Amino acid sequence: MLDKTYDPAEIEAKHYEAWEAKGVFASQVDSNAKPYTIMMPPPNVTGSLHMGHALTFTLQDALIRYHRMRGYDALWQPGTDHAGIATQMVVERNLAQDGRTRHDLGRPAFIDKVWEWKAESGGTITRQLRRLGASPDWSRERFTMDEGLSRAVVEVFVTLHKQGLLYRDKRLVNWDPKLHTAISDLEVESREVKGNLWHFRYPLSDDAERYVVVATTRPETMLGDTAVAVHPEDERYRDLIGRKVRLPLVGREIPIVADEYADPETGTGAVKITPAHDFNDFEVGRRHGLAMINVFDRDARIGGEAPVAYHGLDRYEARKRIVAEIEAFGLLEKVEPHTHMLPHGDRSGVVIEPWLTDQWYVDAATLAKPAIEAVEQGRTRFVPRQWENTYFEWMRNIQPWCVSRQIWWGHQIPAWYGPDGHVFVERSEAEAEAAARAHYGHDAKLTRDPDVLDTWFSSALWPFSTLGWPDRTPELARYYPTDVLVTGFDIIFFWVARMMMMGIHFMGEVPFRDVYIHALVRDERGQKMSKSKGNVIDPLDLIKDYGTDALRFTLCAMAAQGRDIKLAVGRVEGYRNFATKLWNAARYGQMNGCAPVPGFDPAAVSHRTNRWIVGALAQTAARAAEALDGYRFNEAAGALYQFTWGTYCDWYLEFTKPILNGSDEAAKAETRATTAWVLDQILHLLHPVMPFITEELWERLGADAGVARPQPLIAEPWPALEVSLVDPEAEAEMDWVVRLISTVRTVRSEMNVPAGAQIPVMLRDASPATLRRLEAHRGVITRMARLASIEVLSGPAPKGSVQVVLDEAALVLPLAEFVDIQAERQRLAKEIEKLSGEVAKIDQKLNNPSFVQRAPEEVVEEQRERRADAEAARSRYAEALARLQDA
RNA sequence: GGGCGGUUAGCUCAGCGGUAGAGCGGCGGCUUUACACGCCGUUGGUCGGGGGUUCGAUCCCCUCACCGCCCA
């Protein structure tokens with residue numbers, strides 16, 4: 001017998017271990033089943049499970065479990081990425097505790113340290129995924145620094161280089177002066193910063209009395225100014241175009257150029273141009289052939305070609321000093337407080353410096369073209385569709401992708417330089433040496449490029465590198481392209497776009513058919529969860545308090561397309577209650593001998609109540625499947641919740657109590673079998689969302705009844721329930737019973753009839769069909785409506801009785817002792833008023849000729865029927881009211 | 001400034017051309033032998049404002065307001 005309450009903690013680990021040990025998560029590359037594949041977006045190896053992970057992995061797991069049950073050969077490919085910068089930082093922080101830096105160790109020893117760290121601490125997130133019940137094929141787990149994946153990285157790098165799609169170039173990059181590496185646009189976050197707008201006077205070279213005022217938020221960059229730009233149409237400056245100013249402090253003469261980049265509305269309309277330290281200025285510099293003067297070193301201290309007097313000053317010290325000096329020269333026009341957005345490194349948190357360096361770039365624009373077409377042509381489909389716009393927007397304006405990073409942890413770039421700087425990009429050092437020999441005509445000393453690749457470079461290959469590419473493995477042939485990629489919108493640029501580019505280029509086909517973009521999880525006030533705000537809800541805490549299934553059900557129930565999830569703990573609690581409800585229903589079944597019957601045939605049940613629940617179940621199963629097929633997780637969860645609690649528990653289990661306590665042995669046996677069978681089906685349908693409690697109940701209900709379960713629930717087939725199981729007559733009949741009982745309950749409550757009191761009820765003007773229904777369900781009705789009796793009334797209603805309309809009949813409740821005549825009169829009057837309003841509203845429609853003429857016939861007909869029903873009910877209430885007046 | 005999304009019951013959210021729904025909360029009642037993490041009943045809404053299309057609009061179009069996110 002099951003315990004009185006469900007204790008998730010007790011059973012979750014047990015089932016997870018059993019599933020994993022049995023190998024049920026594993027894909028079957030040799031099977032004849034159709035494959036269904038999801039590539040897990042590899043979480044960062046340094047990461048730990050947060051709510052966003054919980055959501056995305058719950059949805060992916062629900063899809064995988066569902067398709068596995070549908071008979072597909074399901075592959076959910078798990079793994080982690082090596083998170084170059086983040087991981088290196090973690091290990092460096094550990095070294096710093098012993099007062100050491102990575103340079104003390106040297107590169108090879110440091111890399112060894114990182115691997116050591118990974119072995120010890122890199123498994124946190126995969127352990128936590130197991131707590132969440134995720135069922136990927138762990139036997140295929142990959143890491144982006146694995147040997148195989150590294151081979152794919154080299155192959156891609158070399159191939160792209162030979163194709164001219166990957167090259168070395170000197171451009172401005174986002175330089176992180178703390179980490180000393182380039183980072184991508186996507187690793188930069190804009191933060192609002194309060195600063196000033198300094199207005200400097202730049203005197204004209206040929207007229208020291210005149211000057212141009214430029215406004216800047218970054219005075220220190222003036223050391224690298226090579227022009228002043230004004231808008232060509234700006235009347236104020238028209239005569240200055242082509243003349244020169246003398247750059248204060250530096251003394252350099254720089255031109256005044258006309259460029260539309262200068263916005264007449266902003267500041268003074270004249271803007272200083274520092275091509276080596278600003279992305280926009282870089283473009284202006286290009287247009288006008290301006291010099292690029294680098295004035296920073298890698299720490300963002302003054303250096304390079306800046307006047308030596310300033311060398312070594314940190315950028316903020318330099319700012320103070322330059323402003324002070326400008327002021328001393330009388331060239332400071334004014335200072336205005338100014339708030340603006342500044343780029344910060346998302347890992348280091350420091351202000352990013354646009355800096356001129358040599359880096360490796362991928363020609364993203366070329367690779368993006370077929371990736372754009374694939375979505376335009378529908379070969380890859382975004383769900384919800386609107387995300388296509390985000391994808392297109394990004395892809396159509398894509399910039400060269402800087403893939404090199406000046407760190408140690410990652411895939412070292414397979415490029416070697418000869419003594420003269422000539423570069424050899426090859427698969428190995430030996431091949432590079434061979435290429436050098438061919439190039440120089442003799443052996444040459446080569447130096448390998450010390451840089452590593454952006455982590456996303458290797459992640460972009462994930463959909464095929466994990467399947468064995470560049471080898472032509474059976475897995476690759478079978479599982480690529482994958483079925484769906486599930487992720488949050490914040491990763492569209494980082495990852496989806498890049499997988500599309502690489503997948504199409506190297507595999508000739510899109511990496512996935514569907515991209516399901518889910519919402520972000522926010523706190524209950526709609527704020528993004530963040531450590532600094534202190535509003536983070538830890539999914540592991542929720543699991544501890546409410547169980548994994550409750551958390552998973554909550555996330556599915558709230559995963560409506562196109563809307564963020566504002567997570568309130570109360571919802572989790574509510575779905576914990578749902579799990580408990582399911583548990584208790586199972587327990588009730590056990591107590592009543594409702595054991596699973598092998599070979600049970602739902603089509604063969606004869607009792608109306610049983611036929612009804614079987615049909616309702618079939619409809620629910622269809623609804624849930626349809627919802628999951630369309631990624632409408634909330635609809636699937638809602639349909640299952642509603643059926644389990646609102647139909648099976650609230651009505652069916654109550655309807656069958658009189659049968660189970662009765663003496664009709666055949667009906668008892670059929671009802672017991674049906675009760676058990678429907679519950680078994682519910683367990684199947686809920687399993688993708690609530691794997692633990694369903695597995696536990698599946699096994700316990702079998703074992704306790706001595707019925708062998710052929711396999712664990714996770715491996716069971718999804719219920720195949722024909723729509724023919726729906727018996728419309730049974731449906732209508734039980735619906736009538738439900739409405740009759742509900743009606744009586746409402747009246748009792750409104751009349752303040754004591755809950756325990758059993759009252760008589762009479763039925764008037766009932767059709768023969770209704771009377772047959774009454775006879776069939778007399779026991780249930782009497783019990784559930786708490787009646788003393790229910791009889792047919794042929795004459796007028798007794799004095800002081802309450803009347804309610806139910807279809808063609810009237811329910812008469814002789815409640816004289818409870819009834820407050822005045823209140824009852826009011827109640828009836830209210831009903832009549834409501835129905836009159838209804839009739840009037842419908843009449844308005846029906847009296848409108850164009851409605852009758854233009855609306856579809858069935859809509860008009862429906863209105864007529866509704867009018868007739870409302871009218872009939874109104875006259876019955878009017879009659880009852882008249883009767884009350886006599887009393 | 002540009003783009004996207006949102007505004008529906010006290011709260012969190014579904015619905016999206018033909019009778020406004022759920023969960024939670026509120027209120028009232030219940031020692032009904034599965035379940036108080038429960039049962040029964042019930043109260044809550046000019047579907048953000050204004051125009052338009054339509055026989056008919058919460059739903060489609062325009063516009064305004066406010067909120068959020070992304071990009072400048």
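Owing to the predicted nature of the structure, the values given are computational and were not obtained by experimental measurement. So you know, we letter chains A, B, ... as the sequences are listed, proteins then strands, and number each from 1.
The phosphate of B:rG38 (OP1 or OP2) has a side-chain N or O of A:N577 nearer than 4.0 angstrom. In this structure, A:T390 does not reach the B:rC70 phosphate: none of its side-chain N or O atoms is under 4.0 Å from OP1 or OP2. Side-chain nitrogen and oxygen atoms of A:W645 include none within less than 4.0 Å of the OP1 or OP2 phosphate oxygen of B:rA34.
For the pair A:W651/A:M734, no side-chain contact is recorded, criterion being any heavy-atom separation below 4.5 Å from C-beta on.
In this structure, A:Y575 has its ring center closer than 6.0 angstrom to the ring center of A:Y641.
Against the 90° criterion about 0, the sugar-base torsion of B:rG15 places it in the anti range.
Nucleotides of RNA chain B nearest to A:F851 and A:N280 differ in position, and the one nearer the 5' end is that of A:F851. Two residues, A:V188 and A:P856, neighbour RNA chain B, and the one matched to the more 5' nucleotide by heavy-atom proximity is A:P856.
Comparing the same atom, C1', in B:rU42 and in B:rC24 gives a spacing of 16 Å after rounding to whole Å. Comparing B:rC69 with B:rA36, their C1' atoms sit 43 Å apart, to the nearest whole Å. Taking atom P on both B:rG56 and B:rC64, the two are 26 Å apart, rounded to the nearest angstrom. Nucleotides B:rG18 and B:rG1 have their P atoms positioned 38 Å apart, rounded to a whole Å. The same atom, P, is picked in B:rU43 and in B:rG21; the two are 12 Å apart, to the nearest Å. Between the P atoms of B:rC39 and B:rA22, the separation comes to 15 Å (whole Å). Atom C1' of B:rA20 sits at a distance of 14 Å from the matching atom of B:rC13, rounded to the whole Å. The same atom, C1', is picked in B:rG49 and in B:rU7; the two are 11 Å apart, to the nearest Å.
Of the candidate nucleotides B:rA34, B:rU12, B:rG29, B:rA34 has the atom nearest to the side chain of A:L653. Listed nucleotides: B:rG18, B:rG41, B:rU19. Nearest to the side chain of A:A855: B:rG18. Candidate nucleotides B:rC30, B:rU19, B:rA34 were compared by shortest atom distance to the side chain of A:K841, and B:rU19 ranks first. In this structure, the nucleotide among B:rG41, B:rC30, B:rA34 sitting nearest to the side chain of A:M591 is B:rA34. Of the candidates B:rA34, B:rA72, B:rG41, B:rA72 carries the atom nearest the A:M341 side chain, counting heavy atoms from C-beta on. For A:M558, counting side-chain heavy atoms from C-beta on, the closest listed nucleotide (B:rU19, B:rC35, B:rU12) is B:rU12. Residue A:N584 has its side chain nearest to B:rA34 when only B:rA34, B:rG41, B:rC37 are considered. Among the nucleotides B:rC37, B:rG41, B:rA34, the one closest to the side chain of A:A585 is B:rA34.
Look at A:E838 and A:R866 and you find a salt bridge, because one of the NZ, NE, NH1 or NH2 atoms lies within 4.0 Å of a carboxylate O, short of that distance. Between A:E862 and A:K845 there is no salt bridge, since no side-chain nitrogen of the basic residue lies less than 4.0 Å from a carboxylate oxygen of the acidic one. Salt-bridge annotation for A:R739 and A:D807: present, with a side-chain N of the basic residue lying under 4.0 Å from a carboxylate O of the acidic one.
In this structure, CG of A:L846 is placed 12 Å from C1' of B:rG56, rounded to the nearest angstrom. When the C1' atom of B:rU12 is taken as reference, atom CZ of A:R571 falls 6 Å away, rounded to whole Å. Here the C1' atom of nucleotide B:rC4 and the CZ atom of A:R385 are 16 Å apart, to the nearest Å. For A:R576 and B:rC35, the CZ to P distance is 16 Å, given to the nearest whole Å. The distance between atom CZ of A:R867 and atom P of B:rU19, rounded to the nearest whole Å, is 17 Å. A:Y641 has its OH atom 12 Å from the P atom of B:rA22, to the nearest Å. Spacing between atom CZ of A:F489 and atom P of B:rG3 amounts to 19 Å, rounded to whole angstrom units. One interatomic measurement links the two molecules: CD1 of A:I517 to P of B:rC69, which rounds to 19 Å at whole-angstrom precision.
The nearest pair of heavy atoms linking A:K272 to A:D281 is O-OD2, 3.5 Å. Scanning both residues, A:G269 and A:A262, for their nearest heavy atoms gives O-CB, 3.8 Å.
Counting non-hydrogen atoms under 4.0 angstrom, A:E189 reaches nothing in the nucleic acid.
Pairing analysis of RNA chain B (Watson-Crick: purine N1 to pyrimidine N3 plus N6-O4 or O6-N4; G-U wobble: N1-O2 and O6-N3; both under 3.5 Å) yields stems of 3 or more pairs at B:1-7 with B:65-71, B:10-13 with B:21-24, B:26-30 with B:38-42, B:48-52 with B:60-64.
The residue from A:W495, A:Y516, A:Y391, A:W387 that alone fulfils the ring pair (Phe, Tyr, Trp, His ring centres under 6.0 Å) condition with A:F489 is A:W387.
Using a 30° and 60° split on the angle between ring planes, A:F578 and A:F553 fall in the tilted class, from 30° to 60°.
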A:T694/A:L685 under side chain to side chain contact (heavy atoms under 4.5 Å, CB included): CA gap, chis, key distance, verdict:
CA-CA 9 Å; A:T694 53; A:L685 300 178; over 6 Å; no

